[in-house]
Amino acid sequence: ILIKYLILNYSDPKFTYFLKDETEKKILLRKDFQTDEKIDINKISSGRLKDWINITTKTYEESPVYGFGAQGDRFLINQTSSSAFIYAFSSSGIIGFFFFCILYLRSLLISIRLLIRKDNYLKFTMKNYFTILASLNLIFLLIRSFFESSIAVFGIDFLVFILCLAITELIYKEKYA
């Protein structure tokens, strides 16, 4: 369909010789790209959105303040939530979610602030190298946590996150204290 669309709209006129006029061209394109069928979300999605709605609804209805404890997402839907934010809410409720968001925002802001400092790029030292590397790694893990619960559960991602967080915190205190 895409190839036909590109040929019809962006090719040399000799490739569209089989069409009588512009009306026929429009009818052909309308048949290819418009449909009356409803889109089934399960065919184009991994089902995470449905799981996230399920988890947040059940947690909000049954235990909104304290959540369901460690691995609360597995208690609710028998699998992982695939989001650190949803995991934090299902496992520790609004209280834990609030503290998780504070940690998330602080880590993100410190990493960005360290990355935009000019003195990290003016001269190459191991300390500046570790600052840049730890900040970039931390930002990557924080962005990834929207779609994976890897930093919320103990594992290798969590250990790397804690190590990078410790490095950025120490350098931040040294440079801004």
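Note that the structure is predicted; figures quoted are calculated from it, not measured.
Once rounded to the nearest 0.5 Å, the distance linking CD1 of I110 with NZ of K173 reads 8.5 Å. With values rounded to the nearest 0.5 angstrom, R48 atom CZ is found 15.5 Å from N54 atom CG. The distance from atom CZ of F161 to atom CG of N137, rounded to the nearest 0.5 Å, is 10.5 Å. Separation of atoms CD1 (I132) and OG (S111) is listed at 12.5 Å; rounding is to 0.5 Å. Here the SG atom belonging to C164 is positioned 11.0 Å from the CD1 atom belonging to I151, to the nearest 0.5 angstrom. To the nearest 0.5 Å, the span separating OH on Y129 from OG1 on T125 amounts to 12.0 Å.
The ring-ring contact (aromatic ring centres under 6.0 Å, His included) search around F147 returns none, not counting sequence neighbours. The salt bridge (charged side-chain N to carboxylate O under 4.0 Å, His left out) search around D51 returns none, not counting sequence neighbours. Under the rule for a side chain to side chain donor-acceptor pair (under 3.5 Å), Y104 has no partner lying at least two apart in sequence or in another chain. Take R74 and apply the salt bridge (charged side-chain N to carboxylate O under 4.0 Å, His left out) test, not counting sequence neighbours, and it matches no residue.
L170 and L109 sit in two unconnected hydrophobic clusters of ILVMFWY residues. Membership requires side-chain heavy atoms under 4.5 Å apart, directly or through other members. If you chain together hydrophobic residues whose side chains sit under 4.5 Å apart, L49 and F85 fall into the same group.
With S83 contributing its side chain and F146 its backbone, the two residues share a donor-acceptor pair below 3.5 Å. Side-chain atoms of T59 never come within 3.5 Å of backbone atoms of T56 as a donor-acceptor pair (strictly under, hydrogens ignored). Under a 3.5 Å cut-off, the side chain of D157 and the backbone N or O of S150 do not form any donor-acceptor pair. Not one N or O on the side chain of S91 forms a donor-acceptor pair closer than 3.5 Å with the backbone of A88. Judged by distance alone, the side chain of S92 and the main-chain N or O of G67 form no donor-acceptor pair under 3.5 Å. Proximity of a side-chain donor or acceptor of W52 to a complementary backbone N or O of I86 within less than 3.5 Å is not detected.
Within the 4.5 Å cutoff, the side chain of L114 has heavy atoms near those of the Y176 side chain. Using a 4.5 Å heavy-atom threshold, the side chains of Y66 and I95 count as touching. Looking only at side-chain heavy atoms (C-beta outward), V160 and L138 stay at 4.5 Å or farther from each other.
Side-chain contact check for S149 and T80: at least one donor-acceptor pair (N or O, by modelled atom type) lies under 3.5 Å.
Contact record, K58 with L76: NZ-O, 3.3 Å, taken as the closest heavy-atom pair. A pairwise comparison of heavy atoms in S107 and L165 identifies OG-CD1, 3.2 Å as the closest pair. The shortest heavy-atom contact between D73 and S81 is OD2-N, 2.7 Å.
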Full working for side-chain contact (heavy atoms from CB on, under 4.5 Å) between Y87 and V153: CA-CA 9 Å; Y87 179 80; V153 181; 3.9 Å; yes

Only pairs under 3.5 Å count here: list side-chain donor-acceptor contacts from residues 96-103, not counting sequence neighbours, and write none if there are none.
none

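Pairs engaging residues 159-172 under the side chain to side chain donor-acceptor pair (under 3.5 Å) rule: R106-E169, R113-Y172 [sequence neighbours left out].
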